[in-house]
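Below, chains carry the letters A, B, ... as their sequence lines are ordered, and counting in each starts from 1. The basis for the numbers below is simple: all heavy atoms, side chains too, and nothing from hydrogens, waters or symmetry mates.
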2 protein chains.
Amino acid sequence: MIGNKENAPAAEIGGLHGVVGFHIRLAHGAVYRHFSETFVGLELTQKQVSVLWLVGDHPGISQIEVGSRLAMDRATTMTIVNRLQDRAFLRRERSMRDGRMQALFLTDAGKAALAKAKTCIESHEAWLKSRFTAAEVEKLVEMLSRIHD
Amino acid sequence: MIGNKENAPAAEIGGLHGVVGFHIRLAHGAVYRHFSETFVGLELTQKQVSVLWLVGDHPGISQIEVGSRLAMDRATTMTIVNRLQDRAFLRRERSMRDGRMQALFLTDAGKAALAKAKTCIESHEAWLKSRFTAAEVEKLVEMLSRIHD
DNA sequence: GCCAATTCGTTAGTAAAGCATACAAAGTGG
DNA sequence: CCACTTTGTATGCTTTACTAACGAATTGGC
């Protein structure tokens with residue numbers, strides 16, 4: 001009585017099927033895996049791309065700002081910024097306005113990496129969105145926003 | 001020009017806002033954090049609860065089955081089963097049918113932990129679902145399933 | 001029945017991410 | 001000026017995830 005239908009994953013998880021959080025975790029895992037495949041060769045993770053993107057949009061942004069917009073604490077933000085700095089994708093500058101802050105800027109290599117990353121994101125997003133209509137995508141984003149806002 | 005609106009997170013992330021995968025990641029993080037808060041004192045993670053739940057629903061299930069239904073590889077499944085076994089929540093038995101498999105069973109402690117976990121999940125899910133109508137929850141689950149199936 | 005291929009479990013190693021704690025430096029307010 | 005807060009930094013621990021290798025059991029082709 002182990003449940004041996006050959007391939008109906010959703011039907012096989014039993015009581016877990018009704019748990020919304022469970023589906024979010026599975027969906028996140030699937031997206032993460034596809035992301036990793038798409039970015040093999042570029043060697044960038046979701047977080048790293050998010051940070052590059054954010055710094056690209058807001059040159060001079062502080063680490064704490066990056067962390068708060070991506071829902072990461074200071075220590076986690078540090079490790080990611082460290083990695084990106086080690087790879088010379090961004091640099092820190094002591095902020096003039098507030099000596100506590102590190103202002104973050106993309107290097108030229110960082111800008112190039114971000115540009116490549118954005119084209120990868122495009123195909124990754126196309127894969128993701130292919131299963132939805134435009135209206136559904138909008139609805140999905142709106143519902144997910146209700147969770148994380 | 002750093003963008004200093006005080007608290008409109010969604011509006012502040014710029015180009016990232018249009019990326020569906022980004023919202024999934026943020027939503028997952030928010031759910032994960034709330035889950036952790038709910039389960040402090042019970043000391044169980046999402047994965048551990050999922051495995052307990054699955055073994056509870058399917059006594060004698062093999063590790064590989066658990067892994068495939070939760071989208072984890074063998075090695076990852078191992079570490080989780082090991083932890084649960086160390087805490088005496090489940091036990092392995094060599095399968096009679098197939099000597100390669102380990103049949104998994106909940107111990108009494110495991111059944112008790114699962115029962116407690118299910119009540120925690122209930123309040124966690126209530127928190128999560130509170131922002132949606134029943135129809136929206138159904139639509140959300142359906143859309144997430146399209147991603148992970 | 002026998003050998004090759006496959007499957008399942010296990011071990012070890014690596015890496016990302018998250019969190020807690022503690023400390024230093026810079027700013028703020030009484 | 002002194003307490004308090006904020007920001008960055010350093011360290012260490014935990015969970016999750018993956019790879020690669022190996023042994024044991026099973027399966028399939030012959």
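- Atoms CZ (R33(B)) and P (dA20(C)) sit 11 Å apart, rounded to a whole Å.
- No side-chain heavy atom of L114(B) sits less than 4.5 Å from a side-chain heavy atom of F89(B).
- Taking 3.5 Å as the limit, the base of dG9(C) and the side chain of R74(B) contain a donor-acceptor pair of atoms between them.
- Within 4.0 Å of D98(B), counting heavy atoms only, lie sugar-phosphate atoms of the nucleic acid but no base atom.
- Remark: C1' of dA12(C) and CG of D73(B) are 14 Å apart, rounded to the nearest angstrom.
- The I64(A) side chain lies nearest to dG8(D) when the options are dA17(C), dG8(D), dT16(D).
- To the nearest angstrom, C1' of dC19(C) lies 19 Å from CZ of F39(B).
- Between its two ends, the helix from dG1(C)-dC30(D) to dG30(C)-dC1(D) turns its axis by 30°, counting five pairs per end and rounding to 10 degrees.
- Looking only at distances, a side-chain donor or acceptor of E125(A) sits under 3.5 Å from a matching main-chain atom of V20(B).
- Between the CG atom of L84(A) and the C1' atom of dA17(C) there is a distance of 14 Å, given to the nearest Å.
- S50(A) and R25(B) are linked by a side-chain donor-acceptor pair at a separation below 3.5 angstrom, with hydrogens and angles left out of the test.
- For dT10(C), the OP1/OP2 oxygens have no side-chain nitrogen or oxygen of R100(B) closer than 4.0 Å.
- Between the CE atom of M72(A) and the C1' atom of dA16(C) there is a distance of 12 Å, given to the nearest Å.
- In this structure, T45(B) reaches the dT16(D) phosphate: one of its side-chain N or O atoms is under 4.0 Å from OP1 or OP2.
- Residue Q63(B) places no side-chain N or O under 4.0 Å from the OP1 or OP2 atom of dT7(C).
- A sub-4.0 Å separation between OP1 or OP2 of dT10(C) and a side-chain N or O of Q102(B) is present.
- Checked against dT16(D), dA17(C), dT11(C), the side chain of I80(A) finds its nearest nucleotide in dA17(C).
- More than 12 heavy-atom neighbours from other residues, nucleotides or ligands sit within 6.0 angstrom of CD on E142(A).
- In this structure, CG of L70(A) is placed 14 Å from C1' of dG18(C), rounded to the nearest angstrom.
- Residue S62(B) places none of its side-chain N or O atoms closer than 4.0 Å to OP1 or OP2 of dC8(C).
- OP1 or OP2 of dA16(C) has at least one side-chain nitrogen or oxygen of R83(A) nearer than 4.0 Å.
- Among the heavy atoms of the strands lying under 4.0 Å from M78(A) is at least one base atom, whether or not backbone atoms are also near.
- In this structure, the ring of H28(B) has its center no less than 6.0 angstrom from the ring center of H148(A).
- Both L144(B) and F132(A) are part of a single hydrophobic cluster, where members link through side-chain heavy atoms under 4.5 Å apart.
- As rounded to whole Å, 16 Å separates atom P of dG8(D) from atom CZ of R91(A).
- With a 4.5 Å cut-off on side-chain heavy atoms, V55(B) and V81(B) do not count as touching.
- Between Y32(A) and A71(A), the residue whose closest nucleotide on DNA chain C is further toward the 5' end is Y32(A).
- Atoms CE (M101(B)) and P (dT6(C)) sit 17 Å apart, rounded to a whole Å.
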List the steps, then state whether side chain to side chain donor-acceptor pair (under 3.5 Å) holds for Q63(A) with R74(A).
CA-CA 7 Å; Q63(A) 286 186 192; R74(A) 276 171 301 161; over 6 Å; no
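- Between S95(B) and R94(A), the one whose closest nucleotide on DNA chain D sits nearer the 5' end is R94(A).
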